[in-house]
Each structure stands twice: as structure tokens, then as C-alpha cells.
Amino acid sequence: MSREHGAARSLVLMHADVEVDVELEASGARRRPHPWLSLVLAWLVPGAGHWLLGQRWRGVSFFVLLVMTFAFGWGASAGHAVSLEHHPVAFWLQLPAGGPMLLALGFAPGLAVPPPEVVARLDLALTFTMVAGLLNLLLVHDAWERAVVLRRGACAERGRPR
Amino acid sequence: MSLPLWIASLLYLSAVTSWVCVAVREPDDRQALRRAASFFVLLVGGIAGFGALVFLFEALV
């Protein structure tokens, strides 16, 4: 990487950091949670990472939408959409849904053959649960990134290395 | 499964996706809703267009 390119990249990153900082200050975020805490919480409870970072009503909207989407898919398939044995690819895309996924695994019907009316809805159920999982992956990443930026800001204020 | 249910699902999933994708980057609520609406139109239009192309391809080939 050339020196000019490196400098330009640093400028872009600094700009992004400032943008997120300003945004978080505007949203009333005062806490600076550890990035790992934000990441784990955002994964376990969709939207909780944003709630923790001060974006309260957005966190609630993410929670309601993602849990509803996952629950609809899970319910439409009577639990058969979540199965590592029957749908291995879908399983890994559903996994980022976190808490709802863990709950679904707890109530999984196991290796039972799904009834025909459930089979008819299985494609749709898989789509809903996978979309919920992938959207939560985006939320987890965003919560982590915001927490890292806040942390950096806090360390810089106290004159500590990042 | 019935076509109306698939269409309703497409609209619902597009709405959820567009809100989540925009809300993580846009701090202003009103602006976020506006951008989510345009992203929603883009998503539904794109998927419907792609679907129409597939149907056309099936009909012709």
C-alpha cells in the first residue's frame, strides 16, 4: 500500500469514526460498553446491542421485527425449519439469529418426518428464518463497530492506548 | 403454496430488510424512513423484475 493510499484510508476511517461518534452523541448514548459485551448481547437478543449503545427505540424496532420474522418462519414449519440434519446450509444462516435460534433448537421436533401441510410451507419458513438470521448478523456487526468506536473515543479522552 | 402468500411474504421481508439495513447507518429518523421506503421500492422492483425475466425465459424457451 502506498503512503498516499494509507493516509487517505486513515482519513476515511477517521471520518467514519467521527460520524458514528456524532450520531451516538446525538442519540443520547452515554455508556461505553465493551465491544464483546455488545457483540454477545446483540447476538443473544436481536436489537439489544443497539439498546445498550443508547439507540433505544431502534433497538426495540429491531427486536420486534427480527423476533417476529424468525417466529413466523419457525411457527409456519412447526419447528422443522431449524434442523442441522435436514437443512444444514440453512442452519448456519439461521444461527446468527441468536436467542430465538437457541430457543428454537430447544423445542426442535428432532428427526421426526414433517407432515405434508408443513412440507408445503417449508420453503417459506426457511426463507423467513434465514433472513432473520442474516439481518441479526448485520446488527451484531454494527453494534460491535459502534462499541469499538465509542471505546476508542473513551481511551483517547483518558490518554490511554486504544 | 399460494401466490398471494408468496407476494405478501416478499413485501414483508423487503420491508423488514430495508428498515434494518437503512436504520443501522442513518441517524435521522425521518430521513431513515424516507431512505428505507426508497430501498423497499428498489428491492421489490428488482425482485419482481427478476421474477418477470425468469417467467419470460420459461415461456420462451
Side-chain angles (χ1 to χ4, degrees), chain A residues 16 19-29 42 46-47 49-50 53-70 72-73 76-77 116-146, chain B:
Chain A
E19 224 173 44
V20 174
D21 261 347
V22 167
E23 189 185 316
L24 286 164
E25 284 301 320
S27 68
H50 289 78
L53 290 161
Q55 294 201 315
R56 294 290 158 89
W57 91 263
R58 289 212 180 178
V60 172
S61 78
F62 294 149
F63 175 80
V64 171
L65 289 173
L66 263 59
V67 170
M68 207 163 74
T69 305
F70 191 92
F72 182 82
S77 69
E117 66 271 16
V118 166
V119 173
R121 294 191 298 257
L122 207 53
D123 282 347
L124 193 70
L126 285 169
T127 308
F128 270 71
T129 47
M130 285 189 292
V131 167
L134 291 173
L135 286 177
N136 200 39
L137 188 64
L138 174 70
L139 293 183
V140 168
H141 175 264
D142 190 57
W144 160 269
E145 190 187 29
R146 282 167 191 271
Chain B
M1 211 176 62
S2 65
L3 188 63
L5 195 57
W6 273 110
I7 293 173
S9 302
L10 166 70
L11 294 175
Y12 171 77
L13 289 175
S14 300
V16 171
T17 303
S18 49
W19 169 246
V20 172
C21 290
V22 169
V24 293
R25 279 293 149 217
E26 178 58 60
D28 180 54
D29 290 341
R30 200 168 291 178
Q31 188 67 15
L33 281 172
R34 202 173 304 148
R35 285 181 63 180
S38 56
F39 188 36
F40 171 75
V41 172
L42 204 72
L43 270 178
V44 173
I47 293 169
F50 183 72
L53 270 179
V54 171
F55 277 122
L56 198 71
F57 184 77
E58 274 184 349
L60 294 176
V61 180

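Here is how names work: the chains are called A, B, and so on, in the same order as the sequence lines, proteins then strands, and each is numbered from 1.
- Judged by distance alone, the side chain of A:R146 and the main-chain N or O of A:L53 form no donor-acceptor pair under 3.5 Å.
- Between the side chain of B:T17 and the backbone N or O of B:S14, no donor-acceptor pair lies under 3.5 Å.
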Let me have the donor-acceptor pairs involving side chains of residues 41-61 of chain B, under 3.5 Å, with sequence neighbours excluded, atom names and distances please.
none

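- In this structure, no portion of B:A15 lies under 4.5 Å from any heavy atom of chain A.
- Contact annotation: the side chain of A:D142 approaches that of B:R25 to within less than 4.5 Å [non-hydrogen atoms, C-beta and beyond].
- Among residues 132-140 of chain A, the residues having any heavy atom closer than 4.5 Å to a heavy atom of chain B are, in sequence order, A:L135, A:L138, A:L139.
- Using the six-membered ring where Trp is involved, A:F72 and A:F128 have ring planes that are tilted, between 30° and 60° apart.
- Proximity to chain A (any heavy atom under 4.5 Å) is restricted, for B:D28, to the backbone atoms N, CA, C and O.
- The neighbour count for B:F40 CZ, taken as heavy atoms of other residues, nucleotides or ligands under 6.0 Å away, is above 12.
- Of the listed residues (A:T127, A:L65, A:L66), the one with the most heavy-atom contacts under 4.5 Å to chain B is A:L65.
- With values rounded to the nearest 0.5 angstrom, B:R35 atom CZ is found 5.0 Å from B:E26 atom CD.
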